[in-house]
Amino acid sequence: MTDTTEAAGSNGPAVAPFKAPPATGYAWYTVGVLTVCYTLSFIDRQILSLLVGPIKAEFAVSDTQVGLLGGLAFSLFYTIVSLPAGRLVDRFNRRNIIAAGVFFWSLMTAACSVAMGYPGLFLARMGVGVGEATLAPAAVSMISDTFPNEKLGAAMSLYGVGIYLGSGLALLVGGLVVQLVTQTPTMTLPFFGEIASWRATFLVTGVPGLLVALWVLTLREPARRRAIVTPEGGAARLTIAETLGEIGKRRVPVASIALGLMFQAVALYAFMLWSPGVLQRSFDWTPQQTGLVMGLVVLFGGSFGMLMGGRLSDRGLVAGRRDAALRIAMVSSIFGTVAFFALLWTQGTSAAATVAVFAAGVVLLAMPAGSCYAASQMVLPNQVRGQALALILFVANLGGLTMGPLLPGLLNDYVFRSESALGLSLGITLSVSTLLAAVAFGWGRADYRRQHELLNP
């Protein structure tokens with residue numbers, strides 16, 4: 001890195017003054033396109049879970065092999081590739097990285113429809129993980145350079161709504177897919193002829209993404225703001241060691257956000273996987289009934305919570321509370337703990353009460369994510385934001401994808417030893433993980449305020 005001048009009152013290199021861009025209609029258009037990409041990514045990553053039955057029947061594979069398709073094949077490559085993807089985001093055109101990623105993961109989703117055996121399906125799922133790893137670091141970095149700080153929470157939350165739009169749509173469509181596969185094992189499609197219905201599902205979800213990749217190319221690469229500069233005024237080029245050094249100076253707020261989002265992800269993935277099972281095991285709901293109700297709960301409750309978290313974070317920042325994003329994340333996690341603790345009493349007694357707990361819980365579970373995406377970008381210079389977010393997401397996704405789906409099953413199998421106790425197992429997992437998230441978010445607030453003041457005087 002070229003030698004840099006020292007910022008007044010700090011012990012690091014100079015950061016270019018940040019001139020906040022206006023929140024124009026085009027800026028919101030950018031977020032809208034990226035939200036569609038994020039929604040599509042969650043549909044494509046979750047569609048496999050809806051097709052377990054027919055895949056097992058056709059390929060004669062075990063539950064363990066199916067679990068590897070949904071877990072290791074996707075999550076391992078998704079989390080590992082996110083680290084070099086973050087480095088690329090900090091150095092190259094982010095719009096083009098997103099377009100390439102959307103095209104590749106959509107192509108791999110569609111390729112699942114023509115897999116001739118388990119190894120081919122495993123490789124295609126690996127490709128989905130590799131492609132999706134490029135999206136979040138690049139999208140969050142682009143949005144951060146498109147909006148002023150006081151609008152960034154709302155913008156990030158709108159982008160984050162894609163989690164719940166995609167998950168909710170997957171649940172809604174899931175019930176229909178199960179019914180379709182049961183009633184119509186094969187379908188006839190143009191160019192493909194007669195094809196198994198489960199294969200057609202991968203085509204229907206994958207092919208539109210190829211067009212979305214072209215849509216991404218209508219966006220403009222925003223100018224990079226809040227960057228470390230050289231004495232000549234140009235943007236400095238950081239080595240990997242220098243990048244890690246800049247992140248290390250902000251290790252407490254970065255670690256606070258990473259750990260908070262990790263425990264929040266544990267709760268999210270546990271909720272997404274096991275909440276339908278609670279309704280089916282405790283109240284004998286059908287897959288179609290469960291998919292409809294939980295799809296609406298996730299779609300509307302999660303979207304509302306995500307947008308509310310971003311809005312409250314922005315209002316707090318405007319009011320002068322520099323740690324508003326972490327404060328909102330901490331408080332919503334505390335209330336989430338209370339809501340999910342109630343599941344210990346509602347499960348098995350009343351379907352309506354259980355659904356009400358799920359609805360309140362998913363609103364509170366959604367609130368921290370968008371505001372924390374924004375928070376992470378406000379205390380980091382431009383050249384390290386993609387890498388820092390990749391590290392945050394690496395911790396969050398690795399912990400969430402491994403512990404979230406696993407913990408309720410372990411409690412159910414080895415502690416309660418009863419399928420009817422799934423609500424208890426899920427309630428304990430959700431309440432403990434949200435409590436730990438609240439502790440992590442609260443731990444970093446003081447240092448976050450200090451770093452925010454240094455970079456945003």
* Asked: Should Arg315 and Arg321 be marked as a side-chain contact (heavy atoms from CB on, under 4.5 Å) after you check the CA-CA gap, both sets of side-chain angles, and the distance that decides it?
  -> CA-CA 9 Å; Arg315 288 184 178 179; Arg321 293 187 289 273; 5.8 Å; no
* Structure fact -> Those residues at least two apart in sequence (or on a different chain) that pass side-chain contact (heavy atoms from CB on, under 4.5 Å) with Arg91 are Arg87, Arg237
Rounded to the nearest 0.5 Å, what separation is found between the [atom1] atom of [X] and the [atom2] atom of [Y]?
X      : Y      : atom1 : atom2 : answer
Leu343 : Leu424 : CG    : CG    : 8.0 Å
Leu165 : Ser303 : CG    : OG    : 4.0 Å
Leu307 : Tyr164 : CG    : OH    : 11.0 Å
Leu34  : Arg95  : CG    : CZ    : 12.0 Å
Ile43  : Tyr38  : CD1   : OH    : 13.5 Å
Phe147 : Leu158 : CZ    : CG    : 8.0 Å

* For side-chain contact (heavy atoms from CB on, under 4.5 Å), just list the numbers for Val432 and Phe263, CA-CA rounded to whole Å, side-chain angles, deciding distance to a tenth of an Å, and then say yes or no. => CA-CA 9 Å; Val432 171; Phe263 290 120; over 6 Å; no
Decide yes or no for [X] and [Y]: does some side-chain heavy atom of the first lie under 4.5 Å from some side-chain heavy atom of the second?
X      : Y      : result
Cys372 : Leu326 : yes
Met330 : Trp443 : no
Asp44  : Ser106 : yes
Pro222 : Arg94  : yes
Thr429 : Phe271 : no
Val128 : Phe74  : yes
Leu268 : Ile163 : yes
His452 : Leu317 : yes

Looking at every non-hydrogen atom in both residues, tell me the closest pair between [X] and [Y] and how far apart they are.
X      : Y      : value
Pro408 : Leu426 : CG-CD1, 4.2 Å
Gly399 : Val266 : O-CG2, 3.8 Å
Gly444 : Val252 : CA-CG1, 4.1 Å
Ala154 : Trp28  : CB-CH2, 4.2 Å
Cys37  : Val216 : SG-CG2, 3.5 Å
Leu312 : Met367 : CD1-CE, 3.8 Å

* Asked: Do Ser144 and Tyr373 get their side chains close enough for a donor-acceptor pair, meaning under 3.5 Å?
  -> no
* Are side-chain N/O atoms of Ser431 and Thr337 paired as donor and acceptor at under 3.5 Å? -> no
Is there a donor-acceptor pair closer than 3.5 Å between any side-chain N or O of [X] and the backbone N or O of [Y]?
X      : Y      : result
Asp90  : Gly386 : yes
Arg322 : Tyr448 : no
Ser333 : Ala329 : yes
Ser141 : Ala138 : no
Gln451 : Met378 : no
Thr218 : Leu214 : no
Gln264 : Leu365 : yes
Tyr414 : Gly409 : no
Ser157 : Met306 : yes
Asn412 : Leu422 : yes

In terms of heavy-atom contacts, does [atom1] of [X] have more than 12 from other residues, nucleotides or ligands at under 6.0 Å?
X      : atom1 : value
Arg449 : CZ    : yes
Phe341 : CZ    : no
Phe335 : CZ    : no

* To do: Apply salt bridge (Lys or Arg N to Asp or Glu O under 4.0 Å) to Arg445 and Asp323, showing your working.
  => CA-CA 6 Å; Arg445 284 175 55 199; Asp323 64 340; 2.8 Å; yes
* To do: Please lay out, stage by stage, how Thr134 and Phe104 fare under the test side-chain contact (heavy atoms from CB on, under 4.5 Å).
  => CA-CA 10 Å; Thr134 64; Phe104 186 71; over 6 Å; no
* Intermediate values then yes/no, salt bridge (Lys or Arg N to Asp or Glu O under 4.0 Å), Glu453 and Arg450 -> CA-CA 5 Å; Glu453 290 171 0; Arg450 185 176 66 85; over 6 Å; no
* Please step through side-chain contact (heavy atoms from CB on, under 4.5 Å) for the pair Val384 and Arg250, ending with a clear verdict. => CA-CA 11 Å; Val384 305; Arg250 302 157 178 88; 5.7 Å; no
* With a 6.0 Å cut-off on ring centres, are Phe300 and Phe304 close enough? -> no
